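Values below: all heavy atoms of this structure, side chains included; hydrogens, waters and symmetry mates excluded. Here the structure is a predicted model, which is why all the values come from computation and not from measurement. First listed ligand is number 1; within each ligand, the first listed atom is number 1. Residue numbers run from 1 in the order of the sequence given.
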Amino acid sequence: MTGSITSQPAPKGSEQPAERPAAQLSPTTPPQEAVLPPRAPEAPAPGTLVGSHYDHCFGCGPQHPAGLRMTVVAGEGLDVTAEFTVGAGHQGGPGLAHGGLLTTAMDETLGSLNWLLHAAAVTGRLETDFVRPVPVDSVLHIRARITGVHGRKIYSAAEGRIGGPDGPVAIRAQALFIQVKLEHFTQHGRPEDIKKALDDPDLFKRARAFEVNP
Ligand SMILES: CCCCCCCCCCCCCC(=O)SCCNC(=O)CCNC(=O)[C@H](O)C(C)(C)COP(=O)(O)OP(=O)(O)OC[C@H]1O[C@@H](n2cnc3c(N)ncnc32)[C@H](O)[C@@H]1OP(=O)(O)O
């Protein structure tokens, strides 16, 4: 067979393996200077629901018609747990969860950690390893923790297990969240949604509570 990429002769002078670049730390790995701060006084008590940050959020909003409606429970330290039940509407391959939706569930859980610091933060980078397929009807049990804080950067990691906390690992994630001011939302969001949120004191009080001075 001709024309196959693999059957092409190596270009002259390329017989030596290229020098590998030095191993680099992922931007989601906390630097040595990072710290683990105490829980904020406003953090939800251990064992209680963290609560939805926005009613229309795809990940946690109770008013979202097709969202994941995830609920997250605060842990004892800088950690949370969450469960995501994979439904027929979440399929990628037949009978299996779509990877992008699993990533969303991880993002939502990791994002909830910021409540423990009382910090408004958005996902800057999210890395995901898909370890095994997740069948429809299974419950993904997610445990997430903050791994370090450095300036505006909040580092975190999570693991999703099938069926419960002792089930087989299906997905792992590491994230870098960046603290932002409330203006991040009010300046960039669609004006009618921002107005609706601002006009509704119940919807917005949590967001206001998030205001920080990075
Ligand atoms: C209305 C209702 C409101 C509800 C409120 C609830 C909130 C909860 C919502 C939760 C919803 C669920 C979660 C969601 O879905 S959140 C939604 C998905 N995420 C976003 O939309 C974020 C989009 N990105 C941005 O807005 C900006 O890029 C941000 C704000 C992130 C940074 O732009 P900003 O101009 O502010 O800062 P900076 O650029 O100086 O960067 C600062 C530092 O960070 C480092 N860096 C940045 N990015 C990366 C990267 N990718 N890898 C590695 N490093 C990165 C950067 O090098 C720098 O480091 P250093 O030089 O200092 O060392």
**OP:** State the atoms of ligand 1, each with its element, that fall below the 4.0 Å cut-off from a heavy-atom position in G124.
**Re:** 50 (C), 51 (N)
Original post:
R125 heavy atoms, cut-off 4.0 Å: which ligand 1 atoms fall inside?
Top reply: 51 (N), 52 (N)
Subject >> ligand 1 versus T186: contacting region, heavy-atom distance under 4.0 Å >> reply: neither
**OP:** Determine whether the side chain, the backbone, both or neither of V180 has a heavy atom under 4.0 Å from any heavy atom of ligand 1.
**Re:** side chain
**OP:** Would you mind reporting whether V73 and P44 have side-chain heavy atoms less than 4.5 Å apart?
**Re:** no
Subject >> Closest non-hydrogen atom pair, T186 against E183 >> reply: OG1-CA, 3.1 Å
Original post:
Is the backbone N or O of V169 less than 3.5 Å from a side-chain atom of R132, with the two atoms forming a donor-acceptor pair by type?
Top reply: yes
Original post:
What pairs meet the side-chain hydrogen bond (donor to acceptor under 3.5 Å, both in side chains) rule with one or both residues in residues 159-177, with sequence neighbours excluded?
Top reply: T28-Q174, E159-R161, E159-R172
Subject >> Options E127, K153, H188, ranked by nearest heavy atom to atom 45 (C) of ligand 1, top entry >> reply: K153
Original post:
Within the distance-only criterion (no hydrogens, no angle test), does the side chain of R152 pair as donor or acceptor with the backbone N or O of Q179 below 3.5 angstrom?
Top reply: yes
Original post:
Hey, which atoms in ligand 1 end up nearer than 4.0 Å to a heavy atom of P27?
Top reply: 53 (C)
**OP:** Classify the ring geometry between F84 and H90 as parallel (under 30°), tilted (30 to 60°) or perpendicular (over 60°).
**Re:** tilted
Subject >> Side-chain touch S112/M70, heavy atoms, less than 4.5 angstrom >> reply: no
Original post:
Out of D55, N114, T123, whose heavy atom sits nearest atom 22 (C) of ligand 1?
Top reply: T123
Original post:
Of all the atoms in ligand 1, which lie at a distance below 4.0 Å from a heavy atom belonging to L176?
Top reply: 53 (C), 54 (N), 55 (C)
Original post:
At the 4.0 Å heavy-atom cut-off, does G111 count as touching ligand 1?
Top reply: no
Original post:
Where the closest heavy atom to atom 42 (C) of ligand 1 is concerned, which of H184, K181, R152 has it?
Top reply: R152
Subject >> Counterpart residues, ring-ring contact (aromatic ring centres under 6.0 Å, His included), relative to H150 (two or more places apart) >> reply: none
**OP:** Give the numbers and elements of all ligand 1 atoms closer than 4.0 Å to a heavy atom of D107.
**Re:** 13 (C), 14 (C), 15 (O)
